[in-house]
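In what follows, a structure is listed as structure tokens, so that the remarks can point back to it.
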Amino acid sequence: GFGSFNWRMIWDVYMPCKMPPRLKIQLFDKDIGADDSICECVFSLKQLYTVGFIKKDTVTLYEDKHDKVWLDNLRHPNFADNQGEMLISLQMMPKEVANEFPAGKG
């Protein structure tokens, strides 16, 4: 199947980090009964956080000069093959910048 969602998630990050920052994304199906895990990935945000901490300005996760990144190696522990892919964009900014340009959540 194919799904298209545009959600903005906002969370506070305290710098410098004591542990290497990571983002874990899990995909589930939604049906009658239990929601089943389809796939997941965990990737490091260390480089993004380091650049953001040094610049004290908005930084974007880039891939090949694009501001969106394909996560195309989403796995499930019970299956050997690729189980999905996801296109994401990710920005990090100081709280002062975020407060200057507020936007809705959700």
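These values consider heavy atoms only, across backbone and side chains, with no hydrogens, waters or symmetry-generated copies.
In the hydrophobic clustering of ILVMFWY residues, with side-chain heavy atoms under 4.5 Å counting as a link, L61 and V13 come out together. The same ILVMFWY cluster, assembled from side-chain heavy atoms under 4.5 Å apart, contains both W11 and V59.
Applying the ring pair (Phe, Tyr, Trp, His ring centres under 6.0 Å) criterion to F79, with sequence neighbours excluded, gives H76.
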N/O donor-acceptor pairs under 3.5 Å from side chains in residues 81-90, not counting sequence neighbours:
residue : atom : partner : partner atom : Å
N82     : OD1  : L74     : N            : 3.2
N82     : OD1  : G84     : N            : 3.2
N82     : ND2  : D72     : O            : 2.6
Q83     : NE2  : D81     : O            : 3.1

Kindly list each side-chain donor-acceptor pair under 3.5 angstrom involving residues 37-56, sequence neighbours excluded, with atom names and distances?
residue : atom : partner : partner atom : Å
E40     : OE1  : Q26     : NE2          : 3.1
S44     : OG   : K46     : N            : 3.1
T50     : OG1  : K46     : O            : 2.8
K56     : NZ   : F53     : O            : 2.7

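Separating the NE2 atom in H66 from the OG1 atom in T60 is a distance of 13.5 Å, to the nearest 0.5 Å. In this structure, CE on M92 lies 4.5 Å from CE on M15, to the nearest 0.5 angstrom.
Under a 3.5 Å cut-off, the side chain of D36 and the backbone N or O of D29 do not form any donor-acceptor pair.
Atom CZ of R75 has more than 12 heavy atoms from other residues, nucleotides or ligands within 6.0 Å.
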